[in-house]
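Throughout, residue positions are numbered sequentially from 1 according to the sequence presented.
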Amino acid sequence: MQAVTLLDEQPNVVADLTPVTGSPVPLTVEIAERLSDRIIFGTDAPNTRKTAGELLAGLRTLGITDATLDKILSTNARALTA
């Protein structure tokens, strides 16, 4: 996944989970946990085939820790706007 490579190579880059052409970002537990401070939940709803609720449900069933889920869903975005 090119986005993960970019995140690994560029420590100041942040990425969101907005699906491209309706396909959710193929996020794994390992990637989510390792890059938890630099991933933001994004949907572009209603402009994609997946609803925000569907994408959120998929993220919640991934098996990531509650701390990582909180970072992805709120903490990281707040930090960018502070």
Note, [X] side chain near [Y] side chain (heavy atom, < 4.5 Å):
X	Y	value
I64	L59	yes
L56	L73	yes
T43	T48	no
V14	N76	no
L17	L27	yes
D8	L35	yes

Step-by-step side-chain contact (heavy atoms from CB on, under 4.5 Å) determination, L7 to R34: CA-CA 10 Å; L7 288 168; R34 181 167 50 85; over 6 Å; no

Sidechain-backbone polar pair: D16 side chain, I40 backbone, donor-acceptor under 3.5 Å: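 It does not hold such a pair.
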
Looking at every heavy atom in both [X] and [Y], which two are closest together, and how far apart are they?
X	Y	result
V29	L62	CG2-O, 3.1 Å
P19	G42	CD-O, 4.0 Å
R49	E54	O-OE1, 4.0 Å

Option among I39, D37, D66 that satisfies the side-chain contact (heavy atoms from CB on, under 4.5 Å) test with K71: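 Testing each of I39, D37, D66 against K71, the sole residue satisfying side-chain contact (heavy atoms from CB on, under 4.5 Å) is D37.
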
Residue of the set T75, D70, T68, T65 for which side-chain contact (heavy atoms from CB on, under 4.5 Å) holds with S36: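 In the set T75, D70, T68, T65, the residue that makes a side-chain contact (heavy atoms from CB on, under 4.5 Å) with S36 is T68.
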
Value rounded to 0.5 Å, distance of CZ in R38 from CG in N12: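 Rounded to the nearest 0.5 Å, the CZ-CG separation comes out at 7.5 Å.
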
